[in-house]
Amino acid sequence: MSKKFVVVMLFAATIGLGLCLGMTPSHAASIAQMQANVSADTGAIYSEELGRDMTKDEAKLYFDTVHQEQSKLGLPADQVPENVDKAARQAVEKSTKEAKGADQVVVKHVKADKKADSPVVKHLKADKKVTKTLLSQKNGQPLSGTSIPTDAKTLNGETYKSEPFSGDGWRYSGYYFQYKDYVANPSFGVRVNNDSFNFITRRNTAKIGSYVVQPDGKFHYYPSTNAGNLNGYFSTLDPVGGSYYEIN
């Protein structure tokens with residue numbers, strides 16, 4: 001075999017390897033990254049069923065159920081279709097509600113003390129950023145304003161970081177966000193910095209969910225499907241200069 005032929009073969013092999021690596025889906029570790037963030041306390045999964053973020057134990061049950069369902073259905077580890085995500089969320093809801101059965105006496109005691117503010121009320125009173133963001137929604141109606149985004153940004157594994165926000169009044173994201181592959185992305189991962197933001201999810205233009213995201217350094221995970229694929233956008237009122245959001 002000539003030296004020239006060996007060089008050509010090695011070059012072809014190198015090109016082939018590069019093509020294979022280039023075709024590796026960048027979103028392949030989406031559910032794995034989500035689990036890593038939650039385990040490291042840099043991520044939190046919001047439960048629609050419970051109306052709050054899951055605890056670490058609840059999140060562990062969520063991921064365990066996802067993996068069990070994937071195994072039963074013969075799915076690869078990076079594929080989480082809507083029915084699998086829903087089954088895992090329902091497992092968390094069922095487990096938590098069953099565990100709460102013994103806590104009803106404590107709940108009744110708290111309700112009996114009408115003069116005392118609930119922990120939620122105290123939290124809202126103490127945190128003006130939460131209050132100002134919650135005021136952006138009134139009776140579940142869409143946000144007021146004229147700048148709700150009309151341009152789509154399709155995410156395919158990358159993290160999008162916004163430009164810094166500034167100014168007075170309502171400010172909105174320049175895009176609404178959607179995924180190229182929803183099976184690989186069962187949740188929107190959003191993080192905000194320096195100020196609180198609303199994150200609103202929609203089916204086409206019909207509002208499905210609205211969440212207040214706090215600048216706590218964590219990625220917060222909200223469902224990206226609800227009887228179909230959803231899109232989402234951000235808004236904030238009188239933003240702190242330099243505040244921004246990230247989404248993946």
Side-chain angles (χ1 to χ4, degrees), residues 30 33-34 37-38 40-48 51-54 117 119-179 185 187-224 226 229-248:
S30 178
Q33 186 60 56
M34 183 176 166
N37 281 339
V38 172
D41 203 29
T42 56
I45 307 171
Y46 184 81
S47 168
E48 294 279 1
R52 58 169 174 77
D53 289 340
M54 296 181 192
D117 279 338
V120 174
V121 172
K122 286 182 178 179
H123 177 68
L124 292 178
K125 286 182 177 179
D127 192 337
K128 294 180 180 179
K129 289 182 179 179
V130 177
T131 305
K132 73 118 182 185
T133 309
L134 286 174
L135 289 175
S136 68
Q137 298 288 335
K138 185 177 181 181
N139 300 324
Q141 296 302 309
L143 290 163
S144 59
T146 58
S147 300
I148 293 175
T150 57
D151 293 332
K153 179 76 173 177
T154 301
L155 300 173
N156 188 28
E158 72 277 19
T159 295
Y160 177 89
K161 178 181 175 181
S162 74
E163 295 294 327
F165 277 58
S166 62
D168 299 323
W170 287 109
R171 293 293 182 268
Y172 298 82
S173 53
Y175 301 101
Y176 65 86
F177 297 91
Q178 59 191 15
Y179 288 120
N185 296 276
S187 297
F188 291 107
V190 303
R191 180 167 64 183
V192 301
N193 300 272
N194 301 328
D195 200 358
S196 56
F197 281 75
N198 295 297
F199 182 65
I200 297 91
T201 59
R202 307 179 299 178
R203 185 183 302 110
N204 297 321
T205 58
K207 191 182 88 172
I208 300 299
S210 180
Y211 313 97
V212 178
V213 190
Q214 293 301 317
D216 56 8
K218 294 182 179 182
F219 273 101
H220 292 266
Y221 295 98
Y222 304 106
S224 65
N226 184 324
N229 298 337
L230 305 180
N231 66 74
Y233 68 92
F234 295 83
S235 72
T236 189
L237 176 63
D238 299 331
V240 172
S243 56
Y244 63 96
Y245 65 83
E246 298 169 84
I247 180 168
N248 60 26

* **Lys/Arg-Asp/Glu bridge criterion (N-O < 4.0 Å) met for D41, K218** => yes
* **Where D53 and A44 come nearest, the two heavy atoms and their spacing** => OD2-CB, 3.8 Å
* Asked: Does the pair L155 and Y160 meet the rule for a side-chain contact (heavy atoms from CB on, under 4.5 Å), with working shown?
  -> CA-CA 8 Å; L155 300 173; Y160 177 89; 4.1 Å; yes
* To do: Could you grab the distance from atom CH2 of W170 to atom CD1 of I148, nearest 0.5 Å is fine?
  => 10.0 Å
* **Any donor-acceptor pair under 3.5 Å from D151 side chain to Y175 backbone** => no
* Asked: Going through the checks in order, is the ring-ring contact (aromatic ring centres under 6.0 Å, His included) test met by Y245 and F199?
  -> CA-CA 10 Å; Y245 65 83; F199 182 65; 8.6 Å; no
* Asked: Of all heavy-atom pairs between G167 and P239, which one has the smallest distance, and what is that distance?
  -> O-CD, 3.4 Å
* Asked: Which residues satisfy the ring-ring contact (aromatic ring centres under 6.0 Å, His included) test with Y46, sequence neighbours excluded?
  -> Y211, Y222
* Asked: Aromatic rings F177 and F234: how do their planes relate, parallel, tilted or perpendicular, breaks at 30° and 60°?
  -> perpendicular
* Can we call the ring centroids of F197 and F165 under 6.0 Å apart? -> yes
* Asked: Is the closest side-chain donor-acceptor distance between Y221 and N37 under 3.5 Å?
  -> yes
* Asked: Do S235 and N198 get their side chains close enough for a donor-acceptor pair, meaning under 3.5 Å?
  -> yes
* Quick one: list whatever passes salt bridge (charged side-chain N to carboxylate O under 4.0 Å, His left out) with R52, sequence neighbours left out. => E58
* To do: Identify the two heavy atoms, one from D195 and one from T236, that lie closest to each other, and give their separation to 0.1 Å.
  => OD2-OG1, 4.0 Å
* Taking the side chain from S224 and the backbone from N185, do they hold a donor-acceptor pair closer than 3.5 Å? -> yes
* Asked: Which atom names give the shortest non-hydrogen contact between F188 and L230, and what distance separates them?
  -> CZ-O, 3.4 Å
* With distance as the sole criterion, is a donor-acceptor pair present between the side chains of S196 and Q214 under 3.5 Å? -> no
* Where is the tightest heavy-atom contact between N226 and I208, given as atom of each residue plus distance? -> ND2-CG2, 3.6 Å
* Shortest non-hydrogen contact from E48 toward P223 -> CG-CG, 3.8 Å
* side-chain contact (heavy atoms from CB on, under 4.5 Å) between T154 and Y179: does it pass, once the steps are laid out? -> CA-CA 5 Å; T154 301; Y179 288 120; 6.0 Å; no
* Identify whether the distance between the nearest side-chain nitrogen and carboxylate oxygen of E246 and K161 falls below 4.0 Å. => no
* Asked: For residues T159 and N248, is any side-chain donor paired with an opposing acceptor at under 3.5 Å?
  -> yes
* Asked: Is the backbone N or O of S243 less than 3.5 Å from a side-chain atom of N193, with the two atoms forming a donor-acceptor pair by type?
  -> no
* Can you tell if the side chain of I200 reaches within under 4.5 Å of the side chain of S210, non-hydrogen atoms only? -> yes
* Hey, is the main chain of H220 close enough, under 3.5 Å, to the side chain of R191 for a donor-acceptor pair? -> no
* Asked: Within 45° of the ring axis of Y176 and under 6.0 Å from its six-membered ring centre, is that where the NZ or CZ of R202 lies?
  -> yes
